[in-house]
Amino acid sequence: MATNDSRSGTALGTGDTSGGTRGTTVIADTVVSTIAGIAVRETDGIHSVGGGASRALGAVKDKVSRSNDPGRGVKVEVGEKQTAIDVDIVVDYGIPILDAAKNIRTNVTDAVETMTGLEVVEINIKVLDVHVPGSDDEDEDTERSPSKSRVQ
């Protein structure tokens with residue numbers, strides 16, 4: 001059930017079976033995406049979360065605000081009792097992608113269900129790229145090297 005204010009979220013029951021209620025608990029969609037994003041980043045073999053544009057925009061935003069957005073690259077749909085999650089990732093080279101996807105699903109499901117009480121019904125994973133170790137360092141060295149400059 002959605003709230004009437006500008007923030008989207010889900011109102012959960014109190015879990016009180018005696019019939020008396022003392023209020024509702026509202027979990028914003030951003031809470032679920034943050035929990036899922038942290039769980040994905042804690043999974044072995046995941047280089048980064050989000051697409052190239054999302055990561056670039058996020059890096060600029062992180063530098064300006066001096067904080068990071070753990071929910072970047074994660075989209076959620078939250079209902080009254082269930083949630084569905086979409087994740088865009090870049091895996092490290094050499095990591096079996098199907099194993100990484102299975103580990104992501106396990107970690108995200110455990111974290112979201114434990115922390116929110118929502119049932120995770122679906123986790124869609126989109127593998128955008130494979131990160132090759134050292135490839136970022138070589139690009140930076142090439143760009144910074146004054147001897148290889150095209151202009152003087």
Side-chain angles (χ1 to χ4, degrees), residues 1-3 5-12 15 25-152:
M1 138 170 96
T3 60
D5 61 12
S6 63
R7 289 176 275 168
S8 62
T10 298
L12 302 175
T25 302
V26 177
I27 298 177
D29 295 357
T30 55
V31 171
V32 177
S33 66
T34 297
I35 294 167
I38 292 169
V40 170
R41 285 171 177 82
E42 290 177 345
T43 304
D44 290 336
I46 304 306
H47 177 72
S48 60
V49 180
S54 170
R55 289 193 319 265
L57 202 62
V60 171
K61 181 181 170 187
D62 293 349
K63 286 183 181 182
V64 171
S65 67
R66 294 186 180 162
S67 68
N68 60 4
D69 179 12
R72 183 176 53 237
V74 179
K75 296 177 188 131
V76 300
E77 184 178 334
V78 181
E80 288 185 27
K81 297 178 183 178
Q82 298 176 326
T83 186
I85 301 167
D86 298 328
V87 182
D88 296 340
I89 62 167
V90 175
V91 296
D92 288 325
Y93 177 79
I95 300 297
I97 293 173
L98 294 179
D99 291 346
K102 180 181 175 184
N103 293 338
I104 287 171
R105 287 187 176 96
T106 300
N107 291 351
V108 170
T109 300
D110 290 348
V112 171
E113 289 183 353
T114 299
M115 294 183 71
T116 67
L118 294 168
E119 177 189 5
V120 177
V121 294
E122 181 176 88
I123 300 174
N124 297 310
I125 300 168
K126 186 179 200 181
V127 181
L128 301 174
D129 202 358
V130 175
H131 176 259
V132 179
S135 64
D136 292 341
D137 299 336
E138 292 172 10
D139 292 342
E140 290 173 8
D141 291 342
T142 302
E143 293 173 2
R144 293 181 187 166
S145 174
S147 63
K148 294 185 181 183
S149 176
R150 294 183 349 162
V151 295
Q152 295 184 15

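Position 1 is the first residue of the sequence, and the numbers go up from there.
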What distance separates [X] [atom1] from [Y] [atom2], expressed to the nearest 0.5 Å?
X      : Y      : atom1 : atom2 : value
Ile104 : Ile97  : CD1   : CD1   : 10.5 Å
Asp86  : Ser33  : CG    : OG    : 11.5 Å
Lys81  : Glu119 : NZ    : CD    : 10.0 Å
Ile38  : Arg41  : CD1   : CZ    : 8.0 Å
Lys126 : Lys75  : NZ    : NZ    : 7.0 Å

Quiz prompt | Derivation and outcome, side chain to side chain contact (heavy atoms under 4.5 Å, CB included), residues Val32 and Val112 | solution = CA-CA 7 Å; Val32 177; Val112 171; 4.2 Å; yes
Is there a donor-acceptor pair under 3.5 Å between the side chain of [X] and the backbone N or O of [Y]?
X      : Y      : answer
Thr83  : Glu77  : yes
Arg105 : Ile123 : yes
Arg72  : Gly50  : no

Please find the pair of heavy atoms, one from [X] and one from [Y], that lie closest to each other, and give the distance.
X      : Y      : value
Val132 : Tyr93  : CA-CB, 4.3 Å
Ile46  : Ala100 : CD1-CB, 4.2 Å
Glu113 : Val120 : OE2-N, 3.0 Å

Quiz item: Name the one of Ile85, Ile89, Ile35 that satisfies side chain to side chain contact (heavy atoms under 4.5 Å, CB included) with Val40?
Solution: Ile89
Quiz item: Does a side-chain heavy-atom distance below 4.5 Å link Leu118 with Val78?
Solution: yes
Quiz prompt | Derivation and outcome, side chain to side chain contact (heavy atoms under 4.5 Å, CB included), residues Asn124 and Val87 | solution = CA-CA 6 Å; Asn124 297 310; Val87 182; over 6 Å; no
Practice problem: Start with the C-alpha distance between Asn103 and Thr43, add both sets of side-chain angles, then the distance that settles side-chain hydrogen bond (donor to acceptor under 3.5 Å, both in side chains), and finish with yes or no. | Solution: CA-CA 7 Å; Asn103 293 338; Thr43 304; over 6 Å; no
